[in-house]
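Working notes, beginning with the structure itself.
Within every chain, numbering begins at 1; the chains are lettered A, B, ... in the order of the sequence lines, protein sequences first and strands thereafter. Quick caveat, the model's predicted, so the values are computed rather than measured.
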Amino acid sequence: MSLKRSEVEKIAHLARLAMSKDELDAVTGDLSNILDLVAQMEEADTGGVEPMAHPLHMAQRLRADEVTEEDRREQFQAIAPLTEAGLYLVPRVIE
Amino acid sequence: MQWETVIGLEIHAQLATKSKIFSGASTAYGAEPNSQACSIDLAMPGVLPVLNREAVRMAITFGVAINAEIGRRSVFARKNYFYPDLPKGYQISQFELPIVGRGEVEILLEDAEPKRIGVTRAHLEEDAGKSLHEDFHGMTGIDLNRAGTPLLEIVSEPDMRSAREAVAYARKIHQIVQYLGICDGNMQEGSFRCDANVSVRPPGGPLGTRAELKNLNSFRFLERAINIEVERQIDLIEGGGKVVQETRLYDADRDETRAMRSKEEANDYRYFPDPDLLPVEVEEGLIEAVREAMPELPDARRERFQREFGLGAYDASVLTANRGLADFFEQTAQVAGDAKLAANWVMGELSGALNKAGLELAESPVTADRLGEMLLRIVDKTLSGKIAKQVFEAMWLGEGSADEIIEARGLKQITDSSAIEAVVDEVLAANPEQVANYRAADDKKKPKMLGFFVGQVMKQSKGKANPQQVNQLLLKKL
């Protein structure tokens with residue numbers, strides 16, 4: 001088992017996922033299997049292979065700096081749970 | 001015990017593009033809440049980011065200006081954290097391969113040698129929205145207009161050893177981005193924001209634990225917050241405590257820093273390359289084009305002002321503090337044909353009037369051309385310096401050009417020596433006693449006594465007589 005349960009708990013917390021004890025056990029096993037597979041792949045000799053940040057062999061296309069979007073606030077806010085004075089309202093965030 | 005302060009700065013400069021970094025929504029400041037937040041900024045399902053070419057060009061421009069390596073291949077990464085003003089649940093930033101690599105800038109403190117401050121890197125990222133915590137029935141209001149605005153995060157080496165050095169460095173970066181026209185530098189509106197990493201250590205020792213200071217929205221607060229934080233850390237250590245790594249907020253009202261959140265967990269951002277964006281490849285041609293279009297930078301301009309116009313180091317640095325002021329001065333000097341006179345008026349009368357009225361230079365009612373034209377009338381002796389101040393005031397109030405005001409108010413200086421002579425004779429005749437006293441006085445006292453007659457002549461001529469001529473005539477006649 002390459003992952004500890006406490007590590008999975010921490011990752012779940014960072015991702016804001018609530019997990020039951022059973023789920024945690026299952027996921028710890030699954031994630032460990034994935035990491036084990038990665039460890040196995042790491043044994044392959046990749047000396048002559050160029051690392052890639054993306055599976056496509058292409059560079060990012062750029063767009064011109066032009067304003068192309070118009071104000072559609074009304075449509076967007078129609079599906080928001082709560083709005084006021086043009087703002088989206090969310091439970092209070094304390095800093 | 002002796003302590004050495006170590007400071008590194010993270011500066012976020014909003015890039016002055018028209019549209020956002022990954023969407024075509026406007027970046028204009030001050031719009032109705034959420035009226036400039038499109039489906040990409042809101043993280044609606046199915047949308048894809050497309051990178052703004054101008055943001056890339058501006059980042060490269062900064063890199064070239066600070067002599068940095070330009071990342072020929074840079075990669076966008078997701079920085080994961082949860083906050084309601086970050087709709088995607090991650091910020092698109094750059095992590096391992098930033099667009100601007102290592103560079104440096106030079107800072108100059110009054111009583112010290114020039115010092116080089118390393119810039120570790122500068123990377124492109126998107127800004128988050130704004131959270132408004134006031135009065136929404138216990139809820140927080142979210143405005144996402146700012147979400148997706150392009151930012152250049154400029155990270156320095158921990159090279160600064162005092163709050164003053166940190167401020168000098170921040171000012172230098174502020175000056176550079178404004179000169180380059182890539183950021184408007186408005187700190188009140190949040191276009192230019194500073195975070196400071198501050199730690200203390202015994203001189204030359206290993207780095208101490210640092211605290212990150214946020215909410216430093218003016219150069220004054222930056223200096224103040226660092227000094228207070230340094231004091232706090234020294235007191236803490238000398239009292240047997242330990243500095244913990246954390247984010248602290250500067251509270252200007254109470255003039256203190258206080259812990260915001262423990263960074264240990266919040267810091268786990270789980271960066272990974274953003275699969276929605278391909279690597280950015282910068283062609284040599286673009287870097288060359290940026291190099292060719294590079295405007296004159298502040299240090300070069302300051303040196304040129306000293307060399308070309310014979311200005312002192314102080315005047316030259318004041319006049320090149322920002323590009324607008326330097327342009328204004330240079331245009332004034334060109335029209336007036338007298339750089340020192342132009343420097344005095346721009347730094348004196350003009351700056352004073354702007355301060356008093358609370359106006360920015362760009363809002364000045366007197367343009368550089370108009371000021372230059374007026375100075376031309378001092379140079380050709382139409383105006384004395386004193387009368388020129390009246391003309392300047394009238395120009396400030398919109399009464400027209402210098403020539404129009406001189407004509408309308410009959411302010412032309414009297415340089416006709418026979419006219420001045422008549423006034424001088426009149427004054428001498430009216431004050432026989434003073435004349436006798438003057439002639440009887442010893443040479444040491446005479447210059448001071450002459451002032452009385454000069455004053456009388458200027459009064460009689462309503463200040464229009466040329467002072468040098470008045471002096472000469474008086475000396476001759478007495």
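- With a 4.5 Å cut-off on non-hydrogen atoms, Ile40(B) does not touch chain A at all.
- Only the backbone of Lys20(B) has a heavy atom closer than 4.5 Å to any heavy atom of chain A.
- If you measure heavy-atom distances from Leu97(B) to chain A, you find no contacts under 4.5 Å at all.
- Heavy atoms closer than 4.5 Å to chain A are found nowhere in Ser131(B), neither backbone nor side chain.
- Proximity to chain B is limited to the backbone of Arg61(A), based on heavy atoms less than 4.5 angstrom apart.
- Chosen from Ser39(B), Ala28(B), Ala37(B), Ala77(B), the residue pairing most often with chain A at heavy-atom distances under 4.5 Å is Ser39(B).
- Chosen from Ala15(A), Ala85(A), Ala64(A), the residue pairing most often with chain B at heavy-atom distances under 4.5 Å is Ala15(A).
- The choice from Thr27(B), Leu132(B), Leu144(B), Thr17(B) that makes the most heavy-atom pairs within less than 4.5 Å of chain A is Thr17(B).
- Considering only heavy-atom pairs separated by less than 4.5 Å from chain B, the leading option among Arg72(A), Gln77(A), Arg16(A) is Arg16(A).
- Between the side chain of Asp65(A) and the main chain of Asn52(B), no donor-acceptor pair closer than 3.5 Å is present.
- By number of non-hydrogen pairs under 4.5 angstrom with chain B, the leading residue of Leu89(A), Asp71(A), Val90(A), Leu82(A) is Val90(A).
- Proximity to chain A involves both the backbone and the side chain of Leu51(B), based on heavy atoms less than 4.5 angstrom apart.
- Within the model, atoms CG of Asp41(B) and CD of Glu69(A) stand 8.0 Å from one another, a figure rounded to the nearest 0.5 Å.
- Of the possible donor and acceptor atoms, one in the side chain of Arg73(A) sits under 3.5 Å from a partner among the backbone N and O of Pro33(B).
- Here the shortest heavy-atom pairing between Arg92(A) and Gly138(B) reads CB-O, 3.1 Å.
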* Working for side chain to side chain contact (heavy atoms under 4.5 Å, CB included), residues Leu62(A) and Arg57(B) -> CA-CA 11 Å; Leu62(A) 305 175; Arg57(B) 190 195 61 79; over 6 Å; no

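- Contacts of Glu74(A) with chain B are absent, with no heavy-atom separation under 4.5 Å from either backbone or side chain.
- The line from CD of Glu281(B) to CD of Gln60(A) is 10.5 Å long, rounded to the nearest 0.5 Å.
- The part of Ser23(B) that comes within reach of chain A is its backbone (N, CA, C, O), which places non-hydrogen atoms under 4.5 angstrom from that chain.
- Shortest non-hydrogen contact noted between Phe82(B) and Leu14(A) is CE1-O, 3.1 Å.
- Note that the CZ atom of Arg63(A) and the CZ atom of Phe22(B) stand 9.5 Å from one another [nearest 0.5 Å].
- Ile142(B) contributes atom CD1, which lies 13.0 Å from atom OG1 of Thr83(A) (distance to the nearest 0.5 angstrom).
- Within a 6.0 Å sphere centred on CD of Glu70(A), other residues, nucleotides and ligands contribute 12 heavy atoms or fewer.
- Between Leu42(B) and Phe76(A) the shortest side-chain heavy-atom distance falls below 4.5 Å.
- Surrounding CD of Glu96(B) are at most 12 heavy atoms belonging to other residues, nucleotides or ligands under 6.0 Å away.
- Neither the backbone nor the side chain of Gln36(B) comes within contact range of chain A, judged by heavy atoms closer than 4.5 Å.
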